[in-house]
Trainee: 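Provided herewith is a single structure, encoded as structure tokens, for subsequent inquiry.
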Number of protein chains: 2
Amino acid sequence: MMIAEVSEKLDISQDTLRYYERIGLLPRVNRNQSGIRDYSEEDCRWIEFIKCMRSAGLPIDVLIEYVRLFQQGDETMEARKEILIEQRKQLLKRMEDMQETLERLEYKIASYEEKVVKAEQTLKKPEEV
Amino acid sequence: MMIAEVSEKLDISQDTLRYYERIGLLPRVNRNQSGIRDYSEEDCRWIEFIKCMRSAGLPIDVLIEYVRLFQQGDETMEARKEILIEQRKQLLKRMEDMQETLERLEYKIASYEEKVVKAEQTLKKPEEV
DNA sequence: ATCACACTTGGAGTTAACTCCAAGTCAAGA
DNA sequence: TCTTGACTTGGAGTTAACTCCAAGTGTGAT
């Protein structure tokens, strides 16, 4: 698969794909005989994985380290697992914080409902009298 | 309250507090007779609110608009409510995405558990025989 | 009175994460 | 053969969100 197709399919710009590879956020992609990237299915799964983790807020440097360990082979499995466990913990924390914010938003929205109703009643009164 | 105290109490740098005010993310803070910011309790509640919303990922420009409307008075209540409702929707969406990512992380961790165990067994075998 | 210090402002600098650009290569079609 | 267009690279530019800086001011202690 060439870069245009992957970019289209996974909705990530070609520049970003090249950038991610440059900084080690993706394992190096194979080139064909004329030096052009030829993405494998595995490459695509990586890209999709990275995109998903990034969108949930996992830091780039952590993911780079994860990719680096992955490329070193099976003896780094334990270390990679630890990274994921730590990131799960931090993700849970963020989700809890967001839950609190959500509740706060709910509360504020509810109090606007009330205030808006009151304001409407106030406006109405002159008409009623 | 002066800026040092607020900064300390809410754990936001003085520079950030001034920056937020500059870009309209906080209503203008009153100054005392010598031009120094004197934060009221209400100011502090704003700062805390903004900090909370920002940490949940609400965009700065949306919050600036919210503050702007707030300063225009009660006739903007409906508009402010709509902003909060839209932001609640987007927050929920982000939380759902994060939930999916979390599950994916869980799955990956679980499969590492398995693989690590297998690898250990493979290592053990020679000893067992 | 003068020194230190916490504050002020406008503006410059920094960092992360892209995003764009220029110059060059290669393969395919007119 | 020439042109077109998708790709390559290294490096420069951009944007958001701070963060820092320099020059200046007001207040309180020595």
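Throughout, protein chains are lettered first and strands after them, A, B, ... in sequence-line order, and every chain is numbered starting at 1.
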Trainee: Take atom CG of B/Asp38 and atom P of D/dT27, then tell me their distance rounded to the nearest Å.
Mentor: 13 Å
Trainee: Within this structure, what is the CD1-to-P distance between A/Ile36 and D/dT9, rounded to whole angstrom?
Mentor: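 It is 10 Å, rounded to the nearest whole Å.
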Trainee: With respect to B/Met1, which candidate in B/Ser7, B/Cys44, B/Ser40 satisfies the side-chain contact (heavy atoms from CB on, under 4.5 Å) definition?
Mentor: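 Running side-chain contact (heavy atoms from CB on, under 4.5 Å) over B/Ser7, B/Cys44, B/Ser40 with B/Met1 returns exactly one hit, B/Cys44.
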Trainee: Under 4.0 Å between a Lys/Arg side-chain N and an Asp/Glu carboxylate O for B/Arg68 and B/Glu65?
Mentor: yes
Trainee: Are the charged groups of B/Lys81 and B/Glu78 less than 4.0 angstrom apart, N to O?
Mentor: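 Salt bridge present between B/Lys81 and B/Glu78.
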Trainee: With sugar-phosphate meaning primed atoms plus P, OP1 and OP2, does B/Ile23 contact a base, only sugar-phosphate, or nothing at under 4.0 Å between heavy atoms?
Mentor: nothing
Trainee: Remember a base hit wins even if backbone is also touched, and classify A/Arg22 as base, sugar-phosphate or nothing at under 4.0 Å, heavy atoms.
Mentor: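 The residue A/Arg22 makes base contact.
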Trainee: Are A/Glu103 and A/Lys108 within salt-bridge range, i.e. N to O under 4.0 Å?
Mentor: no
Trainee: Need to verify one output field. Residue with the more 5' nearest nucleotide on DNA chain D, B/Pro59 or B/Ser34?
Mentor: B/Pro59
Trainee: Looking only at N and O atoms, is any donor in the side chain of B/Asp15 or the base of D/dC20 less than 3.5 Å from an acceptor on the other one?
Mentor: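 Flag set: donor-acceptor pair detected.
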Trainee: Do B/Met2 and B/Val6 share a hydrophobic cluster (ILVMFWY, side-chain heavy atoms under 4.5 Å, transitive)?
Mentor: no
Trainee: Would the base of C/dG10 count as contacting B/Arg18 through its side chain, where contact means a donor and an acceptor less than 3.5 Å apart?
Mentor: no
Trainee: In whole angstrom, give the distance that lies between atom CD1 of B/Ile64 and atom P of D/dA16.
Mentor: 11 Å
Trainee: When the distance from CG of A/Leu26 to P of C/dA17 is rounded to whole Å, what number comes out?
Mentor: 14 Å
Trainee: Reckon B/Arg37 has a side-chain N or O less than 4.0 Å from the OP1 or OP2 of C/dC7?
Mentor: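 Checking C/dC7 against B/Arg37, no side-chain N or O comes under 4.0 Å of OP1 or OP2.
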Trainee: In this structure, how many angstroms lie between the C1' atom of C/dC26 and the CD atom of A/Gln33, rounded?
Mentor: 10 Å
Trainee: Among the nucleotides D/dC7, C/dC7, C/dC18, which one has an atom lying closest to any side-chain atom of A/Thr16?
Mentor: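 Selected nucleotide (nearest to the side chain): C/dC18.
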Trainee: In this structure, how many angstroms lie between the C1' atom of C/dT14 and the OH atom of B/Tyr19, rounded?
Mentor: 13 Å
Trainee: Under 4.0 Å between a side-chain N or O of A/Arg54 and OP1 or OP2 of C/dA17?
Mentor: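 Result: yes.
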Trainee: Could you check how far CG of B/Asn32 sits from P of C/dT8, rounded to whole Å?
Mentor: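 Result: 9 Å.
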Trainee: Once you round it to whole Å, what is the distance between C1' of C/dA16 and CG of A/Leu25?
Mentor: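 Going from A/Leu25 (CG) to C/dA16 (C1'), I get 13 Å.
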Trainee: Of the candidate nucleotides C/dC7, C/dA17, D/dA17, which contains the atom at the shortest distance from the side chain of A/Ile60?
Mentor: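 So the nucleotide nearest the side chain must be C/dA17.
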Trainee: For A/Tyr20 and C/dC18, is the shortest distance between a side-chain N/O and OP1 or OP2 below 4.0 Å?
Mentor: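 Yes, because at least one side-chain N or O of A/Tyr20 sits under 4.0 Å from OP1 or OP2 of C/dC18.
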